[in-house]
Every structure is written in structure tokens, then in C-alpha cells.
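Encoded as C-alpha cells, the structure appears first; notes follow it.
Just so you know, residue 1 is the first one in the sequence shown, and it goes up from there. The model shown is predicted, which means the values in this text are computed figures rather than measured ones.
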Amino acid sequence: MSETEMLRPRLTTLEAAWVIARRDFVAVLFSRAFLFFLLGPLFPVLIGGLAGSIGGQVQRSAVSTEVGLALSPEDNAAMIAAADVLRPQLGPQVPELRVIKEAAQDSNFDARAYLDKRRGNFAAILTGSLAEPQLVGTKGQIDRWSGPIELIAATATGASPSQFPTATSEVVATSAASERTNRVRTAQAAQMVLFLLTMLLGGMVLSNLAEEKGNKIIEILAAALPMDAVFMGKLFAMLGVSFVGIAVWGTVGWAFWAIAEDAIVTVTQTNFRELPGPAVGWPMFMALGLIYFTMAYLLLGSLFLTIGAMAASVREVQTLSMPVTMLQLMVFFLSAANIGQTGTPLELGAIVFPLSSPFAMLARAALEETLWLHALAIVWQGIAVILLVKGGSLLFRKRVMKSGGAGRAKKSWFARRASGPTQPAE
């Protein structure tokens, strides 16, 4: 064996990264904790759906659209008949009119005292006469119902037309304003999904090295393989595990959608089949979404890997999880605040800043058809991943492993003079 072959490492950096990635991927995938990890997001989704359904029902029952009538019997009947005439044209803008029985039995009925006693479920009470109606209620309710009540009273007295002309309409498929508004909705939904996935799956990287530091495995790996390869292998192993999780959740979600599509549309009040299409088209948008998730995970994951490597224990990792979560939120807010502001300095800054670049570019894909900018952004994000991995491994070697110049004790000038000249090796 030649001297060159003896000095050559047994594995290249890519080969070593592949070994680490395969080892971590198999270890995580076949662990019992991974099953609970897959089941974890299902409970928040189920609880969130139930809470949203119950909250919407409570809100609908809490908002009152009833206006009490405390007029004469003839005026009450005229108001109800006029409301029935206007309701086909105005729909929910016309309040539900209910006759207050206590007012019909008491000629000195006091509407203010009736409301102060919180009797009934009336938003306001109408007193006076058709010619001079008086609405009693809070300022918000009066501002809301005074216009419709005045229109109903005018219709009851014959001051407004009793018949309305039928307006013809011509429906267009779309317009520039509506299309951009719909694409903004798509951009917001895509950014939210990307943020939730990275926040949910990125936490696995944070505690990866801290656990192996505790049982001394990382010292064996650092002695046998380059730290760059160890970092890169662990990062891509967690990315592979994340893709497995997304595939499982996507399959379960698709099956649930196929079974209970009508119920989901009813609960969420959203027909996802009518979700407006992005500017680059759905196939390209889905491909870019997959790429940008990969880049966002690698960027945040490399940062989390460095933080986890610097932590002394799993408890310290848990302490660091709060600022890490705040960092994720700030990155998301930076990108979400610039949706629709294409070309502004703040939007361009979100594209250039590596951690927010995937979120900003995914929103850009929903709004703009230009593709060359995505190629530049992906290349820049890849460079940022390499730099973060290099910096994290270097920091780990210098601060934790105490290797390199930072790990050797340096003699002072007086100590070197006292020890004499260094003898050359024979």
C-alpha cells in the first residue's frame, strides 16, 4: 500500500454523511417513539376542529338579530309585513322583528328599563310610531339597525316602492382584482402549511445531538468521521423522517377527505376544491412547495442542530426551545407581512434573508409567474445551508470537542524559552 493510500481517509465526506444519515433514519423510523410522533398531530387537529365547530355554533347563537316591537298593534303588523317584503332583496340585512308581549299589555311600557333588566334576547327595541320611530339600544346596535329599521318603516308607510325591478346580471369567470385576491389567499394558506410543518418537524433536530452527547456516542463519531459529515448526515436523516411523516399524514388526510368531504366543508365553511389556483399552476406550485419545505427544514434544522450540539443536556435543550420557537414565529411573520407587496424593499429583504426566503418565495410562486427568480433563490438557500452546517460543525469542534487550536494549551514565551529549543524528530 502506497503512502498516499495510507493517508487517504477510508470514507469521503459524502460517504460518511450517507452512513450517518442511514443510521439515524433507521434508528428513528423503527423506534416506538416515532409511532407516537405520527399520532401526535392528529389530536390537535381533532380538538381544533371540534373547538372551531362548537365556537362557531356558540357565536351564531350569541349574536342576536332580533329587534323588539313596542308600537301599536297596527304599526307592529305593518312593520312585520314590510320586513317580509324587503327580506328577499336584502336578506340578512333585515332584522327579525318580534312583538314584545309586555309592551302590548302595558301602555306605559319603558323600553330602557326592559333592556336594563336583560329580559328577552333583543338587539334593540323599536318604540314611537311609523312616522317617528325611536330605536332603543346600545350604540353599536343602533348603528347597525337604524338604517334597515328606517327603510322598513318607510316601506310600511308607503314612502318607498312596494315593488322592485328585477336586475339582470352578467357573470364573468374572473377579473384582475378578484384573481389577485384569490391568489393572496392561496399564498397565505401555503405559507401557513409550510410554517406548521417546519415548526412541528424541526423540533426533532434540536435534541438529536444533545442526546448523543449525553451517552458519549458523539465522541466516537467525531473521532471516526468529519464533523461536517456528521452534521449533514443527521440533518438529512431527520429530513427523510419528516418526509415519511408527511406521507403518512397526507395519506390519512386524503382518506378522511374522501370519506367526510361534506362534513369538512360544513365545519370549515370552505370548499377546498374551489381554492384559487397559483400563478405558476398547481403542478409547478406543488413541486416548488416540496423544494421550499426541504430548504426551510435544512436551514432551520442546521441552526437547531448547532444549538442542540452546544447544549449540555436535554434539559438545556428544552430551555432553548422557547427562543427557537420565537425565532420561527418572527421568520413567519416577516414573510407573511409582505404577501402581495411584490418588489418592495421589505419583501426583497425577506427573500434574501435565508431563514425567511423559502416562505417568501413560496408566496411569490402563488402571485407571480416568473420562474428564474426561484432558481436563484434555491441556489442561494443551498449555499446558506452549507455555510450554516460548516459554521455549526466548526463551532462544535472549537467549543465542545476542544479540537484544533482552541483545544490545545498554548505555552507562553517565557515557558518556551525555559524549555529550550525543540529537538527535531529522528
Side-chain angles (χ1 to χ4, degrees), residues 9 11-21 24 198-199 201-213 217-240 242 291-313 316-317 319-332 334-335 349-361 376-408:
L11 295 176
T12 64
T13 301
L14 292 180
E15 291 172 342
W18 166 249
V19 171
I20 295 297
D24 284 15
T198 52
M199 185 176 68
L201 298 170
M204 295 188 300
V205 184
L206 194 60
S207 58
N208 190 278
L209 274 185
E211 295 176 357
E212 295 194 346
K213 282 173 59 181
I217 294 178
I218 193 63
E219 296 180 3
I220 301 175
L221 295 176
L225 300 172
M227 281 308 301
D228 294 350
V230 174
F231 270 54
M232 190 65 72
K234 288 184 173 296
L235 196 57
F236 276 91
M238 294 299 101
L239 178 63
S242 299
I291 294 173
Y292 285 132
F293 167 75
T294 302
M295 302 311 298
Y297 189 88
L298 292 177
L299 286 164
L300 291 174
S302 59
L303 185 61
F304 294 166
L305 199 62
T306 302
I307 297 174
M310 297 300 295
S313 62
E316 189 172 345
V317 170
T319 304
L320 292 173
S321 62
M322 179 58 70
V324 168
T325 303
M326 292 299 103
L327 174 64
Q328 287 180 298
L329 289 174
M330 293 301 296
V331 167
F332 172 70
L334 176 63
S335 303
I351 292 176
V352 174
F353 185 58
L355 296 179
S356 61
S357 182
F359 299 92
M361 288 306 301
L376 292 180
I378 292 171
V379 171
W380 163 239
Q381 293 164 19
I383 294 174
V385 170
I386 296 175
L387 293 177
L388 285 174
V389 170
K390 287 284 187 180
S393 61
L394 178 63
L395 188 64
F396 182 77
R397 288 197 303 267
K398 296 288 186 180
R399 299 295 183 183
V400 180
M401 300 302 297
K402 301 298 183 183
S403 61
R408 292 195 297 266

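Summarising the geometry, atom CG belonging to L300 is positioned 11.5 Å from atom CG belonging to L201; distances are rounded to the nearest 0.5 Å. Here NZ of K234 is found 6.0 Å from CD1 of I20. Values are rounded to the nearest 0.5 Å. Interatomic distance, CG of L334 versus CG of L329, reported as 12.5 Å (0.5 Å rounding).
I383 is listed as a side-chain neighbour of L387, based on a closest heavy-atom distance under 4.5 Å. Looking only at side-chain heavy atoms (C-beta outward), F231 and S302 stay at 4.5 Å or farther from each other.
Closest approach of A237 to D24, counting heavy atoms only: CB-CB, 3.6 Å. Between M295 and G382, the shortest heavy-atom distance links the atoms CE-N, 3.3 Å. Contact detail for L388 and L299: the closest heavy-atom pair is CD1-O, 3.8 Å.
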Practice item. Output, in order, the C-alpha distance, side-chain angles, deciding distance and verdict of side-chain contact (heavy atoms from CB on, under 4.5 Å) for Y292 and I378. Key: CA-CA 8 Å; Y292 285 132; I378 292 171; 3.8 Å; yes
Practice item. May I have the step-by-step check of side-chain contact (heavy atoms from CB on, under 4.5 Å) for M238 and Y297, ending in yes or no? Key: CA-CA 9 Å; M238 294 299 101; Y297 189 88; 3.2 Å; yes
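Contacts of M330 classified as side chain to side chain contact (heavy atoms under 4.5 Å, CB included), with partners at least two apart in sequence or in another chain: none. Take F236 and apply the side chain to side chain contact (heavy atoms under 4.5 Å, CB included) test, not counting sequence neighbours, and it matches M232, L239, L298.
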N/O donor to acceptor pairs below 3.5 angstrom from side-chain atoms of residues 351-359, sequence neighbours left out:
| from | atom 1 | to | atom 2 | distance (Å) |
| --- | --- | --- | --- | --- |
| S356 | OG | A350 | O | 2.7 |
| S356 | OG | F353 | O | 3.4 |
| S357 | OG | I351 | O | 2.8 |
| S357 | OG | Q381 | NE2 | 2.8 |

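Applying the salt bridge (charged side-chain N to carboxylate O under 4.0 Å, His left out) definition to pairs two or more places apart or across chains, none involves residues 378-387.
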